[in-house]
Student: 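Quick one: structure below, then a few questions.
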Amino acid sequence: MSTPTATPPANAFDDDDFKAVPKSDRPLSPKAPDRESRPAGHSRATASTDVAVAEPGSDTSRTPGPLHAVPHMSQDMLDAFGREMEAIRKKHMDDRGERDATYIRSIIKAQRRLEVGGRALLEFAWVPPFWVAGVAALSASKILDNMEIGHNVMHGQYDWMQDDELNGRTFEWDTACPADQWRHSHNYMHHTHTNIVGKDRDIGYGILRMSEDQPWEPYFLGNLGYVSALALLFEYGVAVHDLETEELRTGTWNLRERLPMLKAIYDKVKGQAAKDYVLFPLLAGPGAPATLSANVTANIIRNLWTFSIIFCGHFPDGVEEFTEEETADETRGGWYVRQLLGSANLTGGKLFHIMSGNLSFQIEHHLFPDVPAHRYAEISVDVKEACERYGLDYHAGPLPYQLFTVFRKIAKLSVPSAPELQDYLDRPSSSRVGKVAGRLVGGATGVVRGAGGVAKGVVGTVPGVRRATAA
Amino acid sequence: MPMTSTTSPPPTSPSRSGGLAQRLLGTKVADVLAGPHDVDHYLELLRPDWAVRRIRGEIVQVEHQNDDSLTITLRPTGTWPGFEAGQHVEISVDVDGVRHRRSYSPSASAHPRTRTIELTIRRHPEGVVSRYLKEHARVGMFVGLSTPRGEDFVLPDPRPRRIVLISGGSGITPVLSMLRTLTDECHDGEISFLHYARSPKDLLYADELERIATAHPNVAVLPVYTREDAATGDPRSVLTGRFGVEHLRHVLPVDEDAAAFVCGPGALVEAVRTLWAEEELRTPLRFEHFAPPVLPDLDPDQLGDVTFAGSDITAAADGSTLLEQAEAAGLSPKNGCRMGICLTCKCTLNSGVVRDTLSGEIGGVPGEEIRICVSAPVGDVSVDL
Ligand SMILES: Cc1cc2nc3c(=O)[nH]c(=O)nc-3n(C[C@H](O)[C@H](O)[C@H](O)COP(=O)(O)OP(=O)(O)OC[C@H]3O[C@@H](n4cnc5c(N)ncnc54)[C@H](O)[C@@H]3O)c2cc1C
Ligand code: FES
């Protein structure tokens, strides 16, 4: 948009821009009330009672804000926070230049080298060390292609470079998912409606139960199985994501409507399979089986890695979910706060961040999806500082622990709590077979839930749960 | 005027090495193996002098003609189809991370024997690309190339008997290419070349013009210095001042069947065209400008007309975003977030500038893709919807 060369000098902005204060002249908020200290059982309350308990004061300056998760943030404060985020965004957008170009080109160069090198090694995959080295190089190349390059380029982070190869609208990546469909399901659906249950289809990818706000049904008993399959086949999961196949379960899925999308997926998968599973193995002659196995392995490694990073972005413990009601009249400030609270970062070293496409800075990515991702580390310092002042939680943790909490949640949500089971049995739409299954499960879960309760007490934070949509 | 050359090796023919390898890389199998990217995606960084579809050029020689102009010689990849004298090519150069595309007219002979591309570039004081190249062009650097463009400003086939070439300043490039091509073809018809420069110091290709004029009796080269006091010292300079009818009569004595070409600053081109019209000359005249982009100086709140070019709808701007305006006009452009994050609504800006409703910044160049949900038109704007 801007004249690219017209980068203003660093001091061109008023310092105030970066230290914007809330519109109201009340002092900045205290730290959010500690959720742990709330009375037990409180988490089941509806959003409004939740707020009433947390903020008993009734003078107008203490009117609870629109987001149940941060009742201390009034609308003014949300907007003030939003303005600070806008200032951070502007600072980095205006500064884009050679540094970003050099960075992304060096990553692309590394990716191309790894790919060409890996493919070459894998033509001799029947020699075990070559198999191992080739798989490592090819997986790394695919991960870079999908994450630091593909994902970020498709967010338009490098559109300003005016390089056709780095155009967010036309970029294609090395996965089964046609880039166009991903741009819809991810850039639009997920980034706009982040963590709004019922709107953000990344919550469970249409096949998992990831939130207590998704009503339980016996299908979800397979939660752990589905998630394992999804992790292994993640590229295909992402590919069919935009087809909204969950409608298959409710019988509202319309094949005819989805045919063009299916065709695009078929073409994409065909190309991928021809390359990885036919042509490159064939080129290896008698070594074909070894090459094939290596290529399959590289794709699976990429799938597991991208799955882990992506699921840790929004589902670890502590990350907030939102309801359609509380976000109906959302302002840009509210949007920023929702992005912040609905995401979690992963901690790690520089290489880890590169290999995760800087999605380890999920918070910064959701706040600034079109700022070149390699800047997120730098940006995170400013964001954390602002969170501190506004009393907002900034979720972060190491990958293994975050992944553990994600799986624990998935396991826990596969079985219903007693009220959830009752709710299911009372639902007129529930099938008879389902009800029988449900009753059987009911017997078994008492035991599981009991054990779960103990675990909960030990590990700590349980995200606040709303039932607004599930009612 | 001596040319200061930064290199010694003369331009060579494009690398023929790896001919077979390059042919293999151009096959369908190679495409599938490289998918979803194309083969050039890999070659660009690994072997930039090879290409199967895209065209790139390696700078093999850099000469500074004077303080303001430089001549670079490019060795194109095997994908370069060759050009016709008078055509131009778009080169893409990265400056501060941003890829810029600018047209330049090759000045060397278009004879198939010439496998290199010679460009002469005049530095504009505030120009992005010309300044960058003047300061940073180095042997070994690669630039992107388009296929040659321009169908009108070329030598007709068969060649007319008499040809009049008129140029000013850096506008010499396409007509010099015509002159060189004609002499390479041993064209024996009469060629008159009227070239305008401020002073002998500013005359590009002085030695080359001298050489051609001496070697080819059918070629008359007439440098014209527009600064009154500048004419002294060049014996060939029989004319001075700006273009007028007496200059034309010198190179085109009667209104006869010939072909005339003019390229140069807007004022020169306009003067020639006006004269042609006034004198009702039958000689076909072809012209070319190197027009720099005009940047309108607009008040950010100025409203103009919004044209949705794809649907042939024009409406008066009402201050809302292009997306809202398009919808108000009955169109339903693709959109998603309506807040500038998902890029679903991106479409091409044909002309005009827009204000980013998030940052307030004004920008946009023709051909750029803009997010219409956060772009409000400033002045007249046309988008590809
Ligand atoms: C068909 C064709 C053939 C051409 N062939 C040649 C050739 O052979 N040789 C050649 O030298 N050129 C040629 N040109 C011109 C060339 O394409 C470029 O326009 C020229 O080099 C200037 O590019 P730039 O990036 O340096 O300047 P730009 O950055 O595009 O700026 C162009 C002019 O606008 C002015 N300007 C830039 N920004 C601003 C601003 N913000 N406010 C006010 N003024 C501004 C600059 O001072 C400059 O004078 C040709 C053009 C065309 C269309
Ligand atoms: S509609 Fe999402 S960027 Fe414009």
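Keep in mind that the numbers below use all heavy atoms, side chains included, and drop hydrogens, waters and symmetry copies. Convention: sequence-line order gives letters A, B, ...; per-chain numbering from 1.
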Student: Hey, which of A/Glu115, A/Arg89, A/Arg183, A/Arg99 has the most heavy atom pairs under 4.5 Å with chain B?
Tutor: A/Glu115
Student: Among A/Gln339, A/His366, A/His191, exactly one meets side-chain contact (heavy atoms from CB on, under 4.5 Å) together with B/Ile341. Which residue is that?
Tutor: A/His191
Student: Exactly one of A/Met161, A/Arg96, A/Gln162 should register a side-chain contact (heavy atoms from CB on, under 4.5 Å) with B/Val98. Which one does?
Tutor: A/Gln162
Student: Name the member of A/Glu86, A/His155, A/Arg119 that forms the most heavy-atom pairs with chain B at distances under 4.5 Å.
Tutor: A/His155
Student: Please flag which part of A/Asp180 lies under 4.5 Å from any non-hydrogen atom of chain B: side chain, backbone, both or neither.
Tutor: neither
Student: Considering only heavy atoms, which portion of A/Phe368 lies under 4.5 Å from any heavy atom of chain B: side chain, backbone, both, or neither?
Tutor: neither
Student: Just jot down the side chain to side chain contact (heavy atoms under 4.5 Å, CB included) partners of A/Leu279, sequence neighbours excluded, or say none.
Tutor: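 By the side chain to side chain contact (heavy atoms under 4.5 Å, CB included) rule, A/Leu279 matches B/Val29, B/Val32, B/Leu33.
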Student: Heavy-atom distance under 4.5 Å to chain A: side chain of B/Arg338, backbone, both or neither?
Tutor: neither
Student: Between B/Cys337 and A/His193, is there a side-chain heavy-atom distance shorter than 4.5 Å?
Tutor: no
Student: Identify which of A/Met189, A/His184, A/Lys109 forms the greatest number of heavy-atom pairs closer than 4.5 Å to chain B.
Tutor: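 The residue among A/Met189, A/His184, A/Lys109 with the greatest pair count is A/Lys109.
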Student: Quick check: do B/Arg54 and A/Glu165 have side-chain heavy atoms less than 4.5 Å from each other?
Tutor: yes
Student: I need the minimum non-hydrogen distance between B/Gly97 and A/Ala101, along with the two atoms involved.
Tutor: CA-CB, 3.4 Å
Student: Check the pair B/His37, A/Glu172 against side-chain hydrogen bond (donor to acceptor under 3.5 Å, both in side chains), reporting the backbone distance first and the verdict last.
Tutor: CA-CA 7 Å; B/His37 308 300; A/Glu172 240 330 323; over 6 Å; no
Student: For A/Asp276, which atoms come within 4.5 Å of any heavy atom of chain B: side chain, backbone, both, or neither?
Tutor: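 The answer is neither part of A/Asp276.
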Student: For A/Trp335, is it the side chain, the backbone, both, or neither that has a heavy atom closer than 4.5 Å to a heavy atom of chain B?
Tutor: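 When you check distances to chain B, only side chain atoms of A/Trp335 fall under 4.5 Å.
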Student: Below 4.5 Å, heavy-atom pairs only: which of B/His41, B/Arg101, B/Met339 has the largest tally toward chain A?
Tutor: B/His41
Student: Specify the closest pair of heavy atoms between A/Lys275 and B/Pro36, including all atoms of both residues, with the distance to one decimal.
Tutor: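 For A/Lys275 and B/Pro36, the tightest heavy-atom pair comes out as NZ-CD, 4.3 Å.
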Student: Within a strict 4.5 Å, meaning less than it, do heavy atoms of the B/Cys342 and A/His186 side chains meet?
Tutor: no
Student: Show, in sequence, the C-alpha distance, side-chain angles and deciding distance for A/Asp94 and B/Glu361, and conclude whether the side chain to side chain contact (heavy atoms under 4.5 Å, CB included) test is met.
Tutor: CA-CA 10 Å; A/Asp94 289 346; B/Glu361 240 165 72; 3.2 Å; yes
Student: Give the C-alpha distance, both sets of side-chain angles, the deciding distance and a yes or no for salt bridge (charged side-chain N to carboxylate O under 4.0 Å, His left out) between A/Arg105 and B/Glu44.
Tutor: CA-CA 11 Å; A/Arg105 292 233 163 85; B/Glu44 185 186 353; 5.2 Å; no
Student: Under the 3.5 angstrom rule, does the side chain of B/Asp96 hit a backbone N or O of A/Glu98 as a donor-acceptor pair?
Tutor: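 Yes, the answer is positive, given that a donor and an acceptor are paired below the 3.5 Å cut-off.
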Student: Is the shortest side-chain N to carboxylate O distance from B/Arg371 to A/Asp370 below 4.0 Å?
Tutor: yes
Student: Could you tell me which portion of A/Ile108 (side chain, backbone, both or neither) has an atom closer than 4.5 angstrom to a non-hydrogen atom of chain B?
Tutor: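 It is both, since atoms from each part get that close.
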Student: Can we say A/Asp159 and B/Lys346 salt-bridge, meaning some charged N sits less than 4.0 Å from an Asp/Glu carboxylate O?
Tutor: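 Yes, A/Asp159 and B/Lys346 are salt-bridged.
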Student: Hey, could you give me the CD/OH distance between A/Gln111 and B/Tyr42, rounded to the nearest 0.5 Å?
Tutor: 5.5 Å
Student: Begin with the C-alpha distance, continue with both residues' side-chain angles, and end with the deciding distance and a verdict on side chain to side chain contact (heavy atoms under 4.5 Å, CB included) for B/Glu369 and A/Asn167.
Tutor: CA-CA 10 Å; B/Glu369 290 190 337; A/Asn167 183 321; 3.4 Å; yes
